[in-house]
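Sequence positions, counted from 1, serve as the residue numbers for this chain. Note: hydrogens, waters and symmetry copies are ignored here, and every other heavy atom, side chains too, is used.
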Amino acid sequence: SAVPSPPQSLQVSVNSGSQLVLVWSPPSSSGSSAVSDYVISYTSRYHPTPVVVNDGVSTETTLALNNPTPGLEFTFRVQARNAAGLGGTA
């Protein structure tokens, strides 16, 4: 069984200064079965080890995060999951 390829075109924007909005496109290949979830994680100066965002199970290709720390840089990763496991990182 094959895992999905990485999601595509990940973009992060700030909405009204109080939310970070992530938007991405589905992977070009879902692997051997349909995508069942997207796993979003981030790192920052205070969290050098990736922290998984607790957003439940969802196949939505957008996520809004409230109240980011002003001035703090985050690095986001998005991975698609199917029955075979987690795919590559966007």
For Q8, the side-chain contact (heavy atoms from CB on, under 4.5 Å) test, sequence neighbours excluded, returns S25, S28
Throw together a table of side-chain donor-acceptor distances under 3.5 angstrom for residues 48-63, partners on residues two or more places apart or in other chains.
{"from": "S58", "atom 1": "OG", "to": "E60", "atom 2": "N", "distance (Å)": "3.0"}
{"from": "T62", "atom 1": "OG1", "to": "L22", "atom 2": "O", "distance (Å)": "3.1"}

For the hydrophobic clusters of this structure (ILVMFWY residues joined by side-chain heavy atoms under 4.5 Å, transitively), does one cluster hold both V14 and V12? yes
Tell me, do Y38 and P27 make a side-chain contact under 4.5 Å, heavy atoms counted? yes
Interatomic distance, OG1@T43 vs CZ@F76, rounded to 0.5 Å, equals 9.0 Å
Worksheet item: Any link between L65 and V39 through a network of hydrophobic side chains (Ile, Leu, Val, Met, Phe, Trp, Tyr) touching at under 4.5 Å?
Response: no
query: Angle class for the F74/Y42 ring planes (parallel below 30°, perpendicular above 60°, tilted otherwise)?
result: perpendicular
Identify all side-chain donor-acceptor contacts of residues 77-90 below 3.5 Å with residues at least two apart in sequence or on another chain.
{"from": "R77", "atom 1": "NE", "to": "S41", "atom 2": "OG", "distance (Å)": "3.4"}
{"from": "Q79", "atom 1": "NE2", "to": "G87", "atom 2": "O", "distance (Å)": "3.1"}
{"from": "N82", "atom 1": "OD1", "to": "A84", "atom 2": "N", "distance (Å)": "2.8"}
{"from": "N82", "atom 1": "OD1", "to": "G85", "atom 2": "N", "distance (Å)": "3.3"}
{"from": "N82", "atom 1": "ND2", "to": "A2", "atom 2": "O", "distance (Å)": "3.0"}
{"from": "N82", "atom 1": "ND2", "to": "S30", "atom 2": "O", "distance (Å)": "2.8"}
{"from": "N82", "atom 1": "ND2", "to": "S33", "atom 2": "O", "distance (Å)": "3.4"}

Item to complete: Run the numbers on R45 and L72 for side-chain contact (heavy atoms from CB on, under 4.5 Å), then give the verdict.
Response: CA-CA 8 Å; R45 183 173 66 219; L72 183 61; 4.1 Å; yes
